[in-house]
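We use all heavy atoms of the structure for the numbers below, so side chains are in, but hydrogens, waters and symmetry mates are not. Just so it is clear, the model here is predicted, and its values are computed rather than measured.
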Amino acid sequence: MQAGYEDIQAQGAELIAISADHLTLVDSTQQSLQITYLLLSDEDTETITAYNVIDVTNTNIARPATYVLDTDGRVAWKFLDPKFDTRVSSDQILTELNKL
């Protein structure tokens, strides 16, 4: 995601990632990977539960999920996958942003 972050911002969008990991691990990950977009900790899984993306095989983590919201805050597109290692590319996000 970091590689496409500037392109996402150029579309007038923002990228926010949420992890079920403890804040210390989230901060460490953000620093070690030099992530410049917002990376949040949801260790109590409140947001992950609210968006119904809890991993059914491990309720301490989220399934990979990506949401594109329109300017009214409505979900315009979403990607959900049961596999923990499947991620959406920044190119796919840009494609969806261009549809708005």
Side-chain angles (χ1 to χ4, degrees):
M1 287 297 159
Q2 184 61 48
Y5 181 46
E6 288 182 8
D7 294 331
I8 290 169
Q9 285 184 306
Q11 291 292 325
E14 189 54 61
L15 179 61
I16 300 169
I18 301 173
S19 170
D21 294 330
H22 186 276
L23 183 58
T24 305
L25 182 56
V26 169
D27 288 344
S28 174
T29 300
Q30 190 161 25
Q31 290 175 9
S32 68
L33 297 178
Q34 299 179 334
I35 295 171
T36 58
Y37 54 85
L38 190 57
L39 182 55
L40 303 174
S41 170
D42 183 25
E43 65 183 296
D44 295 329
T45 66
E46 291 178 25
T47 302
I48 292 166
T49 300
Y51 277 82
N52 194 29
V53 294
I54 289 285
D55 187 307
V56 294
T57 62
N58 181 351
T59 58
N60 293 319
I61 63 173
R63 294 182 294 151
T66 303
Y67 293 88
V68 172
L69 306 179
D70 65 16
T71 55
D72 294 322
R74 291 183 296 231
V75 175
W77 179 81
K78 67 181 175 182
F79 168 86
L80 300 170
D81 198 285
K83 299 177 195 138
F84 75 92
D85 59 348
T86 305
R87 301 288 189 264
V88 167
S89 70
S90 54
D91 287 340
Q92 181 65 46
I93 293 171
L94 288 165
T95 296
E96 298 307 322
L97 288 171
N98 285 325
K99 292 178 183 178
L100 297 178

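Asp21 contributes atom CG, which lies 12.5 Å from atom CG of Leu40 (distance to the nearest 0.5 angstrom). Rounded to the nearest 0.5 angstrom, Ile61 CD1 and Asp42 CG are separated by 13.0 Å. Atom CD1 of Ile54 and atom OG1 of Thr45 lie 4.5 Å apart (nearest 0.5 Å). Note that CG of Leu100 and CH2 of Trp77 are 11.0 Å apart. Values are rounded to the nearest 0.5 Å. With rounding to the nearest 0.5 angstrom, the CD atom of Gln30 is 5.0 Å from the CG atom of Leu39. Rounded to the nearest 0.5 angstrom, Met1 CE and Thr36 OG1 are separated by 13.0 Å.
Nearest heavy-atom pair, Ala65 versus Val53, reported as atom, atom and distance to 0.1 Å: CB-CG1, 3.6 Å. In terms of heavy-atom proximity, Arg63 sits nearest to Asp81 at CB-O, 3.3 Å. Of all heavy-atom pairs between Ser41 and Val26, the closest is CB-CG2, 3.9 Å. Gly4 approaches Ser90 most closely through the heavy-atom pair CA-OG, 3.5 Å.
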Exercise. Run the side chain to side chain donor-acceptor pair (under 3.5 Å) check on Tyr5 and Glu14 step by step: do they pass?
Worked result: CA-CA 8 Å; Tyr5 181 46; Glu14 189 54 61; 2.3 Å; yes
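Hydrophobic clustering, with ILVMFWY side chains joined whenever heavy atoms are under 4.5 angstrom apart, groups Val88 together with Leu15. The hydrophobic clustering, which links ILVMFWY residues whose side-chain heavy atoms are closer than 4.5 Å, places Leu38 and Leu97 apart. A single hydrophobic cluster is seen to contain both Val68 and Phe79, as judged by linkage of ILVMFWY side chains at heavy-atom distances under 4.5 Å, directly or through other members. Residue Leu69 is grouped with residue Leu80 when hydrophobic side chains (ILVMFWY) are merged at heavy-atom distances under 4.5 angstrom, including chains of intermediate members. The cluster map of Ile, Leu, Val, Met, Phe, Trp and Tyr, joined by side-chain heavy atoms under 4.5 Å apart, puts Ile16 and Leu94 in different clusters.
Applying the 6.0 Å contact sphere to OH of Tyr51 captures no more than 12 heavy atoms from other residues, nucleotides or ligands. Heavy-atom neighbours of Asn98 CG from other residues, nucleotides or ligands within 6.0 Å: above the threshold of 12.
Looking at residues two or more places apart in sequence or on another chain, you find no side chain to side chain contact (heavy atoms under 4.5 Å, CB included) involving Ser28. Not counting sequence neighbours, the partners of Asp70 by the salt bridge (Lys or Arg N to Asp or Glu O under 4.0 Å) test are Arg74. In this structure Asp44 satisfies the salt bridge (Lys or Arg N to Asp or Glu O under 4.0 Å) test with no other residue, sequence neighbours excluded.
Between the Ser89 side chain and the Gln92 main chain, a donor and an acceptor come within less than 3.5 Å of each other. Of the possible polar contacts, none joining the Arg87 side chain to the Thr66 backbone as a donor-acceptor pair under 3.5 Å is found. A donor-acceptor pair under 3.5 Å is absent between the side-chain atoms of Thr49 and the main chain of Glu46, judged by distance alone.
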